[in-house]
Amino acid sequence: MISEIGHSYTIAVDLGATNVRVALIATSGHIIAKIAEPTLKKGGDGIVVTRQIIRMIRNVRGSHPAKIQGIGIASIGPLDYRRGGPLHSPNAPFAFIPLVSPLQSAFRVPISLLNDCNAAVLAEQRFGAGKGIKNLVYITISTGIGAGVIANGKLLLGKSGNAAEVGHFNIAGEPQGLPCSCGKGTNHWEGYASGENIPRFFRWWLRKQGRKEKRSVPLDGMLRAEDLFCAARAKGDPQAKRFLDALARINAHAISTIIAAYDPELITIGGSVALANKNIILEGIKKYVDKFLEVPIIKITPLGEDITLLGAAAAIDKMR
Ligand SMILES: [Zn+2]
């Protein structure tokens, strides 16, 4: 990329539960090189993931002549800012993954660490639908559910970088509601509406319907969230549609709470579940969202799956 020489670059790291992605990104947001690997799960200690990331950064830099301005990391949470990495993450088999100090020692450049949704909302404001907007929320509906919030032009971090853990908002108020994957409560949004939990919510919903519903969607152990969306979309299955209507009410309830909490001008939604089912997810939310406050613009992010990497890079640009 001759045209990019002379510009500045950052390394972006997206540490996810399933994959680690590392990219070399120009200030313009142009992704010059990107590699991905499954996140290492074995080895007994989180340092194996640290070493994996260091090796991937060396690979992606390759023989690129540019000076690196810094390394931006977007990570699964929750984060421990004092120690510089994710601590007791429900999505990783290690108690702690050290990130900031080992990367600083290896590369001697500024390092930024944010949780993945906080990084993503920075990308939305800098490169996506949120340009010029000072109050916005980015929501991911994926394996888990999370959000990043910019309020009054500032990223809302909280004391440990974990503000806006909206996946653990209590949304259902069911006396015998579903337990959440965090293990710390019932009726959390993520316990119903994340990619991992939608099949379980479907089984629970069917039981609640009792004899009213004779199941039409096969209910075996292999049922995935995408099977339910597919049954509704491609085959017009009425039961899958009724279930997705129940899911829409849950999503709209959570979004209503988010609007009341943060009063945003814009909400963008990403993550694998939303990106694969844009219309069903958006229409469901718009149908049931509370009108207590003026409903902001709600749309799917135009940045797709790259939003987290772009956000990790945007965080470094913000530091300079
Ligand atoms: Zn939870």
Side-chain angles (χ1 to χ4, degrees), residues 9-39 49 52-53 56-57 60 70-79 85-86 89-92 97 99-100 103 111-131 136-150 155-157 161-167 190 194-196 266-276 278 299-319:
Y9 300 87
T10 53
I11 294 281
V13 177
D14 174 7
L15 170 57
T18 314
N19 292 301
V20 186
R21 300 191 303 154
V22 176
L24 182 68
I25 300 182
T27 320
S28 60
H30 177 67
I31 297 178
I32 298 175
K34 178 167 75 170
I35 50 175
E37 286 182 9
T39 311
V49 179
Q52 176 183 25
I53 291 170
M56 288 175 73
I57 292 174
V60 89
I71 300 173
I73 311 164
S75 168
I76 45 172
L79 296 177
S89 172
N91 298 310
I97 302 173
L99 294 173
V100 174
L103 264 62
I111 309 281
S112 130
L113 173 66
L114 290 174
N115 88 24
D116 39 17
C117 288
N118 284 341
V121 76
L122 286 182
E124 195 69 89
Q125 192 189 40
R126 170 106 194 251
F127 304 114
K131 284 179 193 157
L136 66 151
V137 178
Y138 168 79
I139 297 165
T140 180
I141 305 180
S142 185
T143 313
I145 292 180
V149 175
I150 292 178
L155 183 63
L156 197 64
L157 283 172
N162 301 313
E165 279 282 5
V166 303
E190 180 171 306
S194 69
E196 191 172 289
L266 169 71
I267 294 177
T268 60
I269 305 175
S272 55
V273 173
L275 292 173
K278 294 176 182 168
K299 55 162 81 164
I300 299 291
T301 178
L303 299 177
E305 294 280 8
D306 283 332
I307 190 168
T308 315
L309 276 174
L310 289 168
I316 288 291
D317 289 338
K318 250 187 146 68
M319 284 167 74

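Please read all numbers here as calculations on a predicted model, not as lab measurements.
Of the inter-residue distances, the one linking Leu15 atom CG with Asn115 atom CG reads 11.5 Å to the nearest 0.5 angstrom. The OH atom of Tyr138 lies 13.0 Å from the CD1 atom of Ile150; values are rounded to the nearest 0.5 Å. Taking CG from Asn118 and OG1 from Thr308, the interatomic distance works out to 11.0 Å, rounded to the nearest 0.5 Å. The distance from atom CD of Glu190 to atom CD of Glu165, rounded to the nearest 0.5 Å, is 8.0 Å. Atom-to-atom distance recorded for Leu103:CG and Ile111:CD1 is 5.0 Å, nearest 0.5 angstrom.
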- Message: Before you tell me yes or no, could you show the steps for Lys278 and Ile269 under side-chain contact (heavy atoms from CB on, under 4.5 Å), namely the whole-Å CA-CA distance, both residues' side-chain angles and the distance that decides it to 0.1 Å?
- Response: CA-CA 9 Å; Lys278 294 176 182 168; Ile269 305 175; over 6 Å; no
- Message: Could you go through Glu305 and Ser272, starting from their C-alpha distance and side-chain angles, then the distance that decides it, and tell me whether this counts as side-chain contact (heavy atoms from CB on, under 4.5 Å)?
- Response: CA-CA 8 Å; Glu305 294 280 8; Ser272 55; 3.9 Å; yes
- Item | Intermediate values then yes/no, side-chain contact (heavy atoms from CB on, under 4.5 Å), Glu37 and Val22 | CA-CA 9 Å; Glu37 286 182 9; Val22 176; over 6 Å; no
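Remark: the backbone N or O of Thr143 is paired with a side-chain donor or acceptor of Ser194 at under 3.5 angstrom.
The two residues Cys117 and Thr140 make their nearest non-hydrogen contact at SG-CG2, 3.2 Å. Ile35 and Met56 make their closest contact through CD1-O, 3.4 Å (heavy atoms, listed as atom of the first residue, atom of the second, distance). Among all heavy-atom pairs drawn from Gly16 and Thr39, the shortest one is O-OG1, 2.9 Å. Considering every non-hydrogen atom in both Asn19 and Pro38, the closest pair reads OD1-CA, 3.5 Å. Here the closest heavy-atom approach between residue Ile76 and residue Ser89 is recorded as CD1-OG, 3.7 Å. Contact detail for Ile11 and Leu24: the closest heavy-atom pair is CD1-CD1, 3.8 Å.
Every residue meeting the side chain to side chain contact (heavy atoms under 4.5 Å, CB included) condition with Ala12, not counting sequence neighbours, appears here in chain and number order: Ile25, Leu309, Ala312, Ala313. Considering only residues two or more places apart in sequence or on other chains, Asp14 meets the side chain to side chain donor-acceptor pair (under 3.5 Å) condition with Arg21. The side chain to side chain contact (heavy atoms under 4.5 Å, CB included) check on Leu156 picks up Val149, Ala163, Tyr262, with sequence neighbours excluded.
Residues Ile53 and Ile97 form no side-chain contact, since every pair of their non-hydrogen atoms from C-beta on lies 4.5 Å or further apart. Put simply, the side chain of Ile31 reaches to within 4.5 Å of the side chain of Leu310, judged on heavy atoms. Taking 4.5 Å as the limit, every side-chain heavy atom of Ser112 sits out of range of all side-chain heavy atoms of Ile71. In this structure, Ile267 and Ile139 have side chains that are in contact, with non-hydrogen atoms separated by less than 4.5 Å. Annotation: side chain of Leu79 is in contact with side chain of Asn162 (closest heavy-atom distance under 4.5 Å). For the pair Leu113/Ser75, a side-chain contact is recorded, criterion being any heavy-atom separation below 4.5 Å from C-beta on. Residues Lys131 and Arg126 are not in side-chain contact: their nearest non-hydrogen atoms beyond the backbone lie 4.5 Å or more apart. Using a 4.5 Å cut-off on side-chain heavy atoms (C-beta onward), Leu114 and Leu155 make contact.
Between the side chains of Glu124 and Thr268, at least one donor N or O lies within less than 3.5 Å of an accepting N or O.
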